[in-house]
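Working notes, beginning with the structure itself.
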Amino acid sequence: MTALFEGLLRLGDTTLILSHRVSEWCGHAPALEEDIALANTALDLIGQAQMWLGLAAEVEGAGRSADDLAYLRDVWEFRNFLLVERPNVDFGHTIMRQCLFDQWNGLMLNHLSGSTDDRIAAIAQKAAKEAAYHTERSADLVIALGDGTKESHARMQSALDAFWPYVGEMFTADPVDTELARDGVFPDLASLRAPWDARINEIFASATLHKPDSAFAHQGGKSGKHTEHLGHLLTTMQWLQRAYPGATW
Amino acid sequence: MTALFEGLLRLGDTTLILSHRVSEWCGHAPALEEDIALANTALDLIGQAQMWLGLAAEVEGAGRSADDLAYLRDVWEFRNFLLVERPNVDFGHTIMRQCLFDQWNGLMLNHLSGSTDDRIAAIAQKAAKEAAYHTERSADLVIALGDGTKESHARMQSALDAFWPYVGEMFTADPVDTELARDGVFPDLASLRAPWDARINEIFASATLHKPDSAFAHQGGKSGKHTEHLGHLLTTMQWLQRAYPGATW
Amino acid sequence: SPQERAFQERIDRGEKIEPKDWMPDGYRKTLIRQIGQHAHSEIVGQLPEGNWITRAPTLERKAILLAKVQDEAGHGLYLYCAAETLGVSRDELTMALLEGRMKYSSIFNYPTLTWADMGAVGWLVDGAAIMNQVPLQRTSYGPYARAMVRICKEESFHQRQGFDIMMKMAKGTEAQRKMAQNALDRFWFPALMMFGPSDKDSVHSAQSMAWRIKMNTNDELRQKFVDQTMPQIDYLGLTCPDPDIAWNADKGGYDFSEPDWSEFFDVLRGNGPCNADRMQARRKAWEDGAWVRDGLMAHAAKKSAQMAAE
Amino acid sequence: SPQERAFQERIDRGEKIEPKDWMPDGYRKTLIRQIGQHAHSEIVGQLPEGNWITRAPTLERKAILLAKVQDEAGHGLYLYCAAETLGVSRDELTMALLEGRMKYSSIFNYPTLTWADMGAVGWLVDGAAIMNQVPLQRTSYGPYARAMVRICKEESFHQRQGFDIMMKMAKGTEAQRKMAQNALDRFWFPALMMFGPSDKDSVHSAQSMAWRIKMNTNDELRQKFVDQTMPQIDYLGLTCPDPDIAWNADKGGYDFSEPDWSEFFDVLRGNGPCNADRMQARRKAWEDGAWVRDGLMAHAAKKSAQMAAE
């Protein structure tokens with residue numbers, strides 16, 4: 001597998017799996033406006049997943065489609081961040097995860113818009129606009145619920161504590177990332193950390209949330225070593241394609 | 001499909017799906033003794049499912065095995081009672097459902113022990129002993145929790161109210177049942193109702209639970225019209241056989 | 001009363017009634033019930049299709065389905081707003097739903113059991129809904145009529161998407177064809193029930209027609225639906241589950257069997273396959289979401305207190 | 001003290017210590033910690049395998065796996081009973097687990113990601129556990145030794161079942177072979193860690209060995225495990241993930257790489273892949289089950305009050 005293919009899978013799988021998690025909310029959100037907004041988020045993420053996985057399939061050149069990559073790979077072939085496969089738990093966890101990811105994705109897409117690979121730059125430019133909207137929205141919600149009632153504050157803090165060990169993976173470069181950064185295809189992941197921290201610190205300050213001190217970071221998603229949750233997600237997501245192979249939908 | 005095959009599927013699928021629901025508790029029960037007891041229940045039900053589905057496959061004579069029937073049929077081909085596919089909700093619901101079913105199954109197995117079909121009689125005789133044990137245990141638990149604390153009483157009553165509309169299906173004969181009863185293969189299902197009611201009334205009296213007045217009964221499981229829950233259950237249960245067709249495990 | 005007469009004359013002239021206009025109590029109440037139920041139907045209607053979003057078979061199908069369910073939430077929002085112009089808040093209506101004092105369309109008490117049901121719901125359920133709703137674009141109450149205009153535009157889009165799924169299934173593999181037929185078998189009669197029982201004897205219906213809150217009789221619409229749908233069933237190569245359906249050249253329409261109205265009233269009484277599950281899902285969403293709504297309100301209050309102080 | 005000397009002499013003579021016998025505080029405390037951790041490991045150890053019960057691929061595999069996890073719960077029960085003879089209740093030990101004051105075997109903080117992991121856990125994890133446990137059948141504390149006899153009998157059965165799954169996978173389809181190798185790759189080093197770090201420098205270990213609570217050094221057992229397992233890996237046609245492993249004819253055993261002990265200590269500190277999930281699952285089971293335990297106790301109290309009154 002080439003570094004480019006791997007790198008694209010990471011973007012594609014991360015947006016794919018997060019869109020799936022967000023779509024689980026459909027019809028069950030705390031308010032009608034949130035139902036609409038969550039569906040919107042999931043839709044934009046599916047859109048990104050389609051573009052990244054589509055390009056990954058093209059780069060691979062093995063005749064696979066974005067759908068093949070999404071529905072017919074085995075769990076150990078998925079390359080998404082562990083963060084996005086974690087369960088929804090409650091609305092607070094869902095929004096906190098979204099905020100942590102959106103801030104990263106916004107920065108990432110801005111850098112990718114100037115990628116040396118024109119196809120990547122084109123996708124990133126297209127995705128960046130929607131991403132900017134989501135980035136603002138999830139931050140606003142984290143602030144409002146962090147600085148809301150005592151209960152909403154406690155729930156947001158516990159969500160932050162739970163997800164914090166999954167943040168580091170987004171910024172930890174491995175040989176694939178290093179190769180892509182060397183060629184100017186991807187940014188240097190570590191370089192995203194400072195602006196991410198700056199913005200996140202602002203958000204948490206407004207939200208009266210305490211950023212955990214631990215620097216420990218789970219790794220594994222990018223190399224296919226997932227949590228037990230992803231396997232369960234795939235039994236649902238891939239069900240029809242697996243149970244009825246060869247059918248057209 | 002012959003009536004005999006259909007009738008055996010109903011027994012096989014009902015024990016299969018209930019064993020699956022009970023097995024979902026594994027490692028999550030309220031006390032160690034309950035973990036062990038629930039696993040025991042699930043195991044005995046799997047054993048019954050293996051025997052019923054094995055005989056169904058033999059009767060069908062199409063070269064399918066019990067595993068083929070369990071793992072490779074589509075959701076509309078399942079013939080279990082709706083009662084057993086309902087979600088676990090909490091321990092109270094799980095035990096209430098078990099009690100409602102165990103009382104039926106105990107009576108059914110006693111009758112089937114004298115079936116005109118020797119193979120059915122042999123299976124029923126084998127299963128009846130374990131069933132007697134479960135029947136007693138689930139009744140004791142319903143009594144203890146019904147007549148326990150205020151909370152445990154309320155939870156058992158709400159479980160009873162939720163499951164009550166799914167009781168009638170066990171006693172409602174359709175043409176398949178009628179044909180099987182005519183030949184002395186199965187008992188007349190309606191005839192099980194009076195002894196079931198008598199015993200259930202005793203249990204509920206001891207449990208200080210109020211039997212709902214409604215006689216409404218959901219139908220559909222026996223003809224393959226299920227609730228939305230069964231489809232989700234099958235995505236999990238059938239996953240490996242569907243995702244990796246042709247493999248041996 | 002003279003006021004009532006004048007009101008009726010405005011309606012007869014085809015004028016629109018607007019929120020600030022005088023209106024009879026019965027008109028207001030009937031509208032609140034009708035618009036509220038319609039809004040609730042959009043909300044509860046998210047659930048049967050939401051049941052398949054996590055199992056949608058392709059990325060595109062998933063996006064289409066999500067967008068559709070999102071539209072339904074949007075329709076709910078338009079309709080709650082229309083109801084609010086009559087002096088009833090969204091929260092009041094929601095509580096009435098959750099406490100069982102208000103209904104939603106019974107069709108959503110039927111389960112979605114295979115992917116083909118996503119086709120059948122779009123094709124038959126949205127199809128029947130549109131047939132009910134298109135005339136309501138000309139209803140006498142202004143805000144309601146305007147909401148219906150927006151809704152109808154989107155619904156017909158949904159119906160085409162549903163038919164497209166049905167096509168793929170009906171022309172697909174053996175298993176897919178089975179799912180398609182099975183979905184049609186299960187949804188045919190419930191779809192016919194969506195127009196309601198024959199309104200020959202209903203006093204309510206007559207009054208609603210006079211007020212132009214109801215534009216056609218249930219039987220008219222049902223006939224129209226059957227006449228429109230039968231050729232589509234043929235086109236799909238499926239079989240209508242009504243063995244007695246037949247073209248009647250004299251009346252220029254199909255003769256067909258009545259649905260089982262005892263089932264209809266059973267479902268209405270709460271005994272449909274999914275009534276309990278649907279209400280439980282909505283109640284859980286409402287209760288689990290309480291801390292979020294409270295949190296957002298508390299924050300908004302802090303913000304406006306801050307702004308006032310500055 | 002003379003008492004301590006006499007106690008040590010009994011142990012040295014190979015006598016069993018029984019619950020009512022005098023014993024040093026340190027002996028009691030060390031045993032409580034060791035037996036309690038072992039019991040907790042059985043309980044938490046239900047979770048990684050429980051994760052696949054609902055996805056077991058055949059009825060027989062499901063039954064075998066369920067029976068195995070049930071045995072683990074049973075082992076937990078024996079061990080809590082053995083601990084109770086030392087004056088600590090099951091509830092006290094459970095609270096210590098849930099509050100993080102007591103540990104369980106770190107191996108259960110690794111996830112089970114494919115069905116092959118059911119093989120690897122039985123084969124490698126139970127294999128390593130047996131190696132640790134067999135000598136404990138001769139441990140100095142009577143109730144503990146007797147519990148270990150029962151446990152060891154069942155564990156070796158489990159190990160064979162695990163190996164059987166591995167066989168099926170390693171000799172199966174391409175995908176199955178991948179799962180098998182992948183499971184071995186993930187569980188090899190964590191299994192080696194199960195024997196603990198080299199105990200050359202540990203004062204605790206020396207005291208435990210003198211008390212016959214610990215019977216062999218960690219390094220001895222680890223070597224034995226590697227020597228037993230390598231031929232099995234070859235037999236399965238899989239590849240050991242340690243590139244430097246090699247037969248050493250001089251010592252009559254394999255030379256192999258040390259596991260990454262920094263990972264070991266990280267997992268011990270709570271940073272394993274599943275620590276949080278495991279503890280959350282146990283805490284949820286405990287909290288959700290409170291009303292059941294309370295209900296059963298309340299009912300039992302009513303019953304005995306009734307009997308007393310009669």
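Everything numeric in this text was worked out from a predicted model, so none of it was measured. These values consider heavy atoms only, across backbone and side chains, with no hydrogens, waters or symmetry-generated copies. The sequence lines fix the lettering, A, B, ..., with proteins before strands; numbering per chain opens at 1.
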Next item on the list: Please look at D:Arg269 and chain A and tell me whether the side chain, the backbone, both or neither of the residue comes under 4.5 angstrom of a heavy atom of that chain.
Entry: neither

Check: Near D:Phe157 CZ, under 6.0 Å, is it more than 12 heavy atoms from other residues, nucleotides or ligands?
Finding: no

Check: Considering only heavy atoms, which portion of D:Asp117 lies under 4.5 Å from any heavy atom of chain A: side chain, backbone, both, or neither?
Finding: neither

Checklist line | Qualifying residues under ring-ring contact (aromatic ring centres under 6.0 Å, His included), relative to D:Phe108, sequence neighbours excluded | finding: none

Margin query: Does any backbone or side-chain atom of D:Asn182 lie under 4.5 Å from a heavy atom of chain A? Answer side chain, backbone, both or neither.
Written below: side chain

Check: Are there more than 12 heavy atoms of other residues, nucleotides or ligands under 6.0 Å from atom CZ of A:Phe216?
Finding: yes

Margin query: Taking the side chain as everything from C-beta on, heavy atoms only, tell me whether A:Trp76 gets closer than 4.5 Å to D:Thr114.
Written below: yes

Item checked: Residue D:Glu60 excluded, over 12 heavy atoms near CD under 6.0 Å -> no

Checklist line | chain D neighbours within residues 222-234 of chain A, where any heavy atom lies under 4.5 Å away | finding: A:Lys225, A:His226, A:Thr227, A:Glu228, A:His229, A:Gly231, A:His232

Item checked: More than 12 heavy atoms of other groups within 6.0 Å of D:Lys171 NZ -> yes

Checklist line | A:Thr235, part contacting chain D, at a heavy-atom distance under 4.5 Å | finding: side chain

